[in-house]
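Below: one structure, written as structure tokens.
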Amino acid sequence: MQTFTENASPEQGPPRLGQLQNLLRIKGVAAAIVPRTDIHQGEYVASCDERLAWLTGFTGSAGFCVATRDKAAVFADGRYRTQVRAQVDTDFFEPVDWPETGLADWLAKNLPDGGDVSYDGWLHTADEIEKLRKRVEGKGIEFVCHGNLIDQIWMEKPDPPNGPVRIQPDNLAGESHKSKRERLAGELREAGHAAAAITLTDSIAWLLNIRGADIPRNPVVHAFAILHDNARVTLFVDDKKLNKEVIAHLGEDVDILPYSDFTSFPVKLDGALRIDKSTAPERLSWLVGNMESRRFEWGDDPCILGKARKNRVEISATREAHLRDGAAVCEFLAWFDNQPPGTITEIDVVKSLENCRRATNMLLDISFDTIAGSGPNGAMPHYRVTETSNRMLQDGELLVLDSGGQYEDGTTDITRTLPVGNVNEEERIAFTRVLQGMIAVSRLRWPRGLTGRDLDAIARYPLWLADHDYNHGTGHGVGVALCVHEGPQRLSRKSEIPLNPGMIISNEPGFYKEGRYGIRTENLVVVAEAIPLEGATGTDKLCFKTLNFVPIDRRLIAREMLSDGERKWLDDYHADCLKKIEPRLSESARKWLNWATSPI
């Protein structure tokens, strides 16, 4: 499933940038923004929407480029700062640390006389553009929607995806789409909204209990939907993706229109349309607002929280997926520990792990391209091995292995850091600090109402004691048989969404020493009601329940650094790994698991 070709083309960046800058002169604009997102504001996009990579060579899943008539910059966050410098021609594209340096600040500095900045209103949210306009007030800079300039110079653009749609069974979804539609329609009526626009592909997949194949690793379909207050849905989708069974599943209450019709919005409404300011394309609100007898009001995507708060059936299903996946990872680890240093490469690791997941006979796809970074490659949090970057694993190195699978009953994501031969004390101490942060989050009990930003620092505390840190969030939301990155819940300094029972989130602190090594340990956890403790004076607490059960490598732990409580947590966790996973393993992997889960 995973390929290892080099997707970045840094050498193509300068001539393509020259074409864009020439177009800026023709259009009479001072600059243009080229985002990573597509019309659905997705983190992962189809090949036809890889405009940022096409222009610059940068293939990260977050970032953007801004080009003026004589210069250009690529903005990337902490996950991609090493990668962006390797993938773009820095003589033509200035790497900018984002969000420390914002787009508005960069524009103000590089457009001292002001000017028009071109953007495509279908690729930015209204909230995003509104904030940018406020930040450049008084600087003579205007954001102007000129359509998509990249599409005007990208002559060999791939065709749009045309993957088939399949049904997500009610016995895995836990609720029929009729029930979901009726429940959410009632909420629309209470809010006084005639309908709601749904533009996120995973929201549509969740609402209608369907899955697609338009985005690699993410089982979603390119579609838009309007949920009406009478529980009917207008679905904009290419009907070639729908077979008879899917059409029958959708039923008479779902009207199907061509995907392309959405940009003209031919829907009649007898009241206000709800549009999510933070997820819907800015151009949609402009379009509706300029149509006679139609109006819109800002409001949340009605599917957002329902999708995030998994029901009991979904949690039960994804637990089974994680046990199956955990057994596959343990089979791989048993194999890995028998490979001497200097005999296998990063690509060998990826292929072997994928084969172990395939052997379950239930793998639909991997949930993202496996990150298998050894030595200095491990210092890039979102490293993707290619035939060019592939390294032989050498004695004394660390391997960061971040991977996951897509199954009909769940989406998995797990990271383990593995030793290759004998590892130095420095790495062991850093690994233990990361582990302490991961354990601290796993053991948390907190009052209902707290958000991801309230808890994020707890994972960082052991690292902060050594003046260490990591430039990514501690955790992201995860779907069930959906996207491995799912909002709105996060463990992050930026997250203001209260954590609620049923939300699945990753717990993945790390540490990265550029040019040397990387460390990350990750489990997925689900928010649950906490059982009151004996003698408790405060109740109504929440806690995390772990979903992944794969041993954490004891050879990397500086045991003397762990407290009694941390050691007990680790021993209990390993006992659970043995109990839950051993019956699913081959004889050789069972022997390995018994050794790997020995108490410390």
Side-chain angles (χ1 to χ4, degrees), residues 1-8 44 47 59-61 83 86 213 215-219 321-395 397-408 410-421 484 517-518 520-522 548 550-551 553 581 584-589 592-593 596:
M1 295 178 179
Q2 186 159 334
T3 61
F4 306 100
T5 55
E6 179 58 72
N7 295 330
Y44 298 100
S47 57
T59 61
S61 65
Q83 178 178 329
I215 303 294
R217 320 303 181 218
N218 296 266
H322 280 79
L323 292 175
R324 181 189 314 120
D325 191 76
V329 175
C330 286
E331 292 283 356
F332 162 81
L333 291 174
W335 170 86
F336 177 83
D337 271 353
N338 281 321
Q339 313 307 310
T343 62
I344 59 173
T345 67
E346 294 168 337
I347 289 179
D348 293 331
V349 166
V350 174
K351 288 182 176 180
S352 177
L353 178 54
E354 185 175 306
N355 285 337
C356 289
R357 286 192 165 104
R358 282 178 180 268
T360 65
N361 294 318
M362 296 189 72
L363 183 70
L364 301 177
D365 196 353
I366 51 178
S367 56
F368 55 96
D369 280 351
T370 297
I371 299 166
S374 65
N377 288 343
M380 293 182 278
H382 277 205
Y383 168 72
R384 173 185 173 271
V385 59
T386 67
E387 292 162 354
T388 303
S389 69
N390 189 31
R391 295 180 74 251
M392 186 74 69
L393 275 58
Q394 300 294 343
D395 186 36
E397 293 183 338
L398 295 177
L399 172 71
V400 178
L401 185 61
D402 189 350
S403 67
Q406 289 284 10
Y407 304 91
E408 187 180 35
T411 301
T412 69
D413 183 5
I414 185 170
T415 308
R416 291 294 182 263
T417 301
L418 308 175
V420 183
V484 74
Y517 60 85
R520 186 162 65 252
T521 301
E522 174 192 18
N548 305 88
V550 172
D553 205 300
I581 301 298
R584 299 169 178 261
L585 298 180
S586 65
E587 185 59 33
S588 60
W592 174 88
L593 184 64

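Side-chain contact check for Y383 and S389: at least one donor-acceptor pair (N or O, by modelled atom type) lies under 3.5 Å. Defined by atom type and a distance below 3.5 Å, a donor-acceptor pair is present between the side-chain atoms of S374 and R391. Side-chain atoms of D348 and T345 include a donor-acceptor pair closer than 3.5 Å.
Scanning both residues, P340 and T343, for their nearest heavy atoms gives O-OG1, 2.5 Å. Summarising the geometry of T386 relative to T5, their closest heavy-atom pair is CG2-O, 3.8 Å, with the distance given to 0.1 Å. Between L593 and P551, the shortest heavy-atom distance links the atoms CD1-CG, 3.5 Å. Heavy-atom minimum distance, G405 versus S367: N-OG, 3.4 Å. What you find for E522 and R416 is that their closest heavy atoms are O-NH1, 2.9 Å. Taking both residues in full, the closest heavy atoms of L585 and C330 are given as CD2-CB, 4.1 Å, listed atom of the first, atom of the second, then distance.
The CD1 atom of I414 sits 12.0 Å away from atom CZ of R520, with the distance rounded to the nearest 0.5 Å. Rounding to the nearest 0.5 Å gives a distance of 9.0 Å between CD1 of I366 and CG of L353. Between the CZ atom of F4 and the NZ atom of K351 there is a distance of 6.0 Å, given to the nearest 0.5 Å. Separating the OG atom in S586 from the CH2 atom in W335 is a distance of 14.0 Å, to the nearest 0.5 Å. Going from atom CG of D413 over to atom CG of D402 covers 5.0 Å, rounded to the nearest 0.5 Å. Within the model, atoms CG of L333 and CG of D553 stand 8.0 Å from one another, a figure rounded to the nearest 0.5 Å.
In this structure, the side chains of H382 and F368 stay at 4.5 Å or more apart for every pair of heavy atoms. Under the 4.5 Å side-chain criterion, counting only non-hydrogen atoms from C-beta, E408 is in contact with L364. Side chains of R358 and M1 form a contact here, defined as non-hydrogen atoms less than 4.5 Å apart. For the pair E6 and T59, the minimum side-chain heavy-atom distance is 4.5 Å or more. With contacts defined as side-chain heavy-atom distances shorter than 4.5 Å, the pair L401/F332 qualifies.
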From CA spacing to verdict: side-chain contact (heavy atoms from CB on, under 4.5 Å), S352, Q339: CA-CA 12 Å; S352 177; Q339 313 307 310; over 6 Å; no

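Side-chain N or O atoms of T370 include none that pairs as donor or acceptor with a backbone N or O of A372 at under 3.5 Å. Judged by distance alone, with hydrogens and angles left aside, the side-chain atoms of E354 form a donor-acceptor pair with the main-chain N or O of Q2 at under 3.5 Å. Side-chain N or O atoms of N390 include none that pairs as donor or acceptor with a backbone N or O of T388 at under 3.5 Å.
If you run side chain to side chain donor-acceptor pair (under 3.5 Å) between Q406 and each of T411, T412, D365, D325, only T411 comes through. The residue from N377, T417, L398 that alone fulfils the side-chain contact (heavy atoms from CB on, under 4.5 Å) condition with Y517 is L398.
Figure legend: cation-pi geometry between R324 and Y407, with NZ or CZ positioned under 6.0 Å from the six-membered ring centre and within 45° of its axis.
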